[in-house]
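Being a predicted model, the structure only gives us computed values, none of them experimental. All values below come from the heavy atoms of this structure, side chains included, with hydrogens, waters and symmetry mates left out.
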Amino acid sequence: MKIYPAFLSFLFITIFISPSVSDHCNAQDKKVLLKIKKALGNPYLLASWDPKTDCCDWYCLECHPNTHRVVSLTLFSDDRLTGQIPPEVGDLPYLETLLFRHLPNLNGTIQPAIAKLKNLKMLRLSWTNLSGPVPNFLSQLKNLTYLDLSFNNLSGSIPSSLSTLPNLEDLHLDRNKLTGTIPESFGMFPRKKLYLFILSHNKLSGTIPASLANMDFNTIDLSRNLLEGDPSVLFGPNKTTFEIDLSRNMFQFDLSKVQFPKSLARLDLNHNKITGSIPAGLTDLELQFMNVSYNRLCGQIPVGGRLQSFDYSTYFHNRCLCGAPLDTCK
């Protein structure tokens, strides 16, 4: 069979040149990624990060379909990955998602170079051994919509500057060692409706800022802190809140005076110092879960709605509550 020179040229291009032509990965991004891999001790999680292959095909990252710049870096679930967040993460300028999660041996503080990521929309640093403060520089990430710093060892106070984030929708600071008060500025987020506002399992103290009356949270969880006073500003008939968890604090207020959002489906107020009676307005709600146990409530449990569908543990250990599902009132 006669082999033509043109065919040999095509074969040469296919075998030796095509791989480089098909390498869509940006050269600078690739260089940065390999530095990140080295800084983390070349973990098995990043075994696919081979410099001879297209980085857009590597595990734990995504490239933009048109520009081929790295837009997502997600490292998770590897207890063999050790060290700190490499400063080189700040050298991926088109990054929109940065995730370090379920990495128990990731330590140090939150990397300051993250402040360089002006396109970042999601920052999730959770279930790690990160320590130190929640840094002020996070307020520079103006495109951020989702901030999750939960399940770490972060300490100190919550920076009030987070309230300047114009696009923030979800805030998770739970399961840390945060102290101090909830910033008054948290009632002044540019977006008046946040979907998730989770500050539970910390050591926060003081009262609920009056400014939070301006906010409409879909879900708010302040449970297991040292908060006190009257949190009634979190409620209100004009809000669209689905879930409120204020359990295991030191809140002290008259529950009978609270007006509830019609959208409320989950309410947990257990282990506080709440007085008054259970308002009849709760019978109008489509409640899926409720717990008012371990408080100082009195009077008859209103009949109607979902209130009798919950068992006695929803209501027990109060001062003098009575009526189904508790004992009959005398």
For the residue pair [X] and [Y], establish whether any side-chain heavy-atom pair is separated by less than 4.5 Å.
{"X": "Pro302", "Y": "Leu282", "answer": "no"}
{"X": "Leu98", "Y": "Ile114", "answer": "yes"}
{"X": "Phe189", "Y": "Met215", "answer": "yes"}
{"X": "Met290", "Y": "Tyr315", "answer": "yes"}
{"X": "Ser185", "Y": "Pro183", "answer": "yes"}
{"X": "His271", "Y": "Ser247", "answer": "no"}
{"X": "Ile198", "Y": "Thr219", "answer": "yes"}
{"X": "Met250", "Y": "Leu226", "answer": "yes"}

Would you confirm whether [X], through its side chain, and [Y], through its main-chain N or O, come within 3.5 Å as a donor-acceptor pair?
{"X": "Asn176", "Y": "Asp174", "result": "yes"}
{"X": "Asp311", "Y": "Ser313", "result": "yes"}
{"X": "Lys273", "Y": "Asn295", "result": "no"}
{"X": "Asn202", "Y": "Leu173", "result": "yes"}
{"X": "Asp245", "Y": "Leu222", "result": "no"}
{"X": "Asn249", "Y": "Glu228", "result": "no"}
{"X": "Thr241", "Y": "Asn218", "result": "no"}
{"X": "Arg306", "Y": "Leu287", "result": "yes"}
{"X": "Asp170", "Y": "Leu194", "result": "no"}
{"X": "Asn214", "Y": "Leu212", "result": "no"}

Any side-chain donor paired with an acceptor under 3.5 Å for [X] and [Y]?
{"X": "Thr145", "Y": "Glu169", "value": "no"}
{"X": "Thr240", "Y": "Lys193", "value": "yes"}
{"X": "Asp268", "Y": "Asn270", "value": "yes"}

For [X], look at atom [atom1] and say whether over 12 heavy atoms of other residues, nucleotides or ligands are found less than 6.0 Å away.
{"X": "Lys192", "atom1": "NZ", "result": "yes"}
{"X": "Lys142", "atom1": "NZ", "result": "yes"}
{"X": "Tyr312", "atom1": "OH", "result": "no"}
{"X": "Tyr195", "atom1": "OH", "result": "no"}
{"X": "Lys177", "atom1": "NZ", "result": "no"}

Measure across [X] and [Y] and return the closest heavy-atom pair with its distance rounded to 0.1 Å.
{"X": "Ser293", "Y": "Asn318", "result": "CA-ND2, 3.8 Å"}
{"X": "Met188", "Y": "Glu184", "result": "CE-O, 4.1 Å"}
{"X": "Pro43", "Y": "Leu40", "result": "CD-O, 3.6 Å"}
{"X": "Ser263", "Y": "Lys239", "result": "OG-O, 3.8 Å"}
{"X": "Val303", "Y": "Gln308", "result": "CA-OE1, 3.4 Å"}
{"X": "Thr109", "Y": "Gly132", "result": "CG2-CA, 4.3 Å"}

Could you walk me through whether Leu234 and Ser232 satisfy the side-chain contact (heavy atoms from CB on, under 4.5 Å) test, starting with their C-alpha distance in whole Å, then the side-chain angles of each, then the deciding distance to 0.1 Å, before giving a yes or no?
CA-CA 5 Å; Leu234 301 175; Ser232 297; over 6 Å; no
Test Ser277 against Ser256 for side-chain contact (heavy atoms from CB on, under 4.5 Å), laying out the working first.
CA-CA 5 Å; Ser277 58; Ser256 63; 3.6 Å; yes
Check against side-chain contact (heavy atoms from CB on, under 4.5 Å), Lys30 and Trp49:
CA-CA 9 Å; Lys30 190 172 193 175; Trp49 290 23; over 6 Å; no
Would you call Asp91 and Lys116 a salt bridge, taking side-chain N to carboxylate O under 4.0 Å as the test?
yes
Check this for me, if you would: do Asp29 and Arg69 make a salt bridge, where the nitrogen-to-carboxylate-oxygen distance has to be below 4.0 angstrom?
yes
Decide, based on the SG atoms alone, whether Cys56 and Cys25 are under 2.5 Å apart.
no
It should be assessed whether the SG atoms of Cys329 and Cys322 lie less than 2.5 angstrom apart.
yes
At what distance, to the nearest 0.5 angstrom, does [atom1] of [X] lie from [atom2] of [Y]?
{"X": "Ser223", "Y": "Ile244", "atom1": "OG", "atom2": "CD1", "value": "12.5 Å"}
{"X": "Asp327", "Y": "Leu321", "atom1": "CG", "atom2": "CG", "value": "11.5 Å"}
{"X": "Lys37", "Y": "Leu45", "atom1": "NZ", "atom2": "CG", "value": "10.5 Å"}
{"X": "Arg296", "Y": "Thr275", "atom1": "CZ", "atom2": "OG1", "value": "8.5 Å"}
{"X": "Leu227", "Y": "Lys203", "atom1": "CG", "atom2": "NZ", "value": "14.0 Å"}
{"X": "Thr179", "Y": "Ile158", "atom1": "OG1", "atom2": "CD1", "value": "9.0 Å"}

Do the two ring centres, one from His172 and one from Tyr146, sit under 6.0 Å apart?
yes
So if you build clusters from Ile, Leu, Val, Met, Phe, Trp, Tyr with side-chain heavy-atom gaps below 4.5 Å, do [X] and [Y] land together?
{"X": "Phe253", "Y": "Ile182", "answer": "yes"}
{"X": "Leu168", "Y": "Phe137", "answer": "yes"}
{"X": "Tyr94", "Y": "Leu73", "answer": "no"}
{"X": "Phe242", "Y": "Leu246", "answer": "no"}
{"X": "Leu196", "Y": "Leu162", "answer": "no"}

Distance-only donor-acceptor hits, side chain of residues 75-86, under 3.5 Å, sequence neighbours excluded:
unit_1, atom_1, unit_2, atom_2, d
Asp78, OD1, Arg80, N, 2.9

In terms of the angle between their ring planes, are Phe217 and Phe197 parallel, tilted or perpendicular, with boundaries placed at 30° and 60°?
parallel
Please determine whether side-chain contact (heavy atoms from CB on, under 4.5 Å) holds for the pair Gln140 and Lys118, giving the CA-CA distance in whole Å, both sets of side-chain angles, and the decisive distance to 0.1 Å.
CA-CA 8 Å; Gln140 300 174 33; Lys118 303 305 182 184; 3.5 Å; yes
Side chain to side chain contact (heavy atoms under 4.5 Å, CB included), paired with Leu125, selected from Leu149, Leu99, Leu154
Leu149
Does anything in residues 123-138 pair up under side chain to side chain donor-acceptor pair (under 3.5 Å), and if so which pairs, sequence neighbours excluded?
Arg101-Ser126, Arg124-Asp148, Thr128-Asn152, Asn129-Asn153, Asn136-Ser161
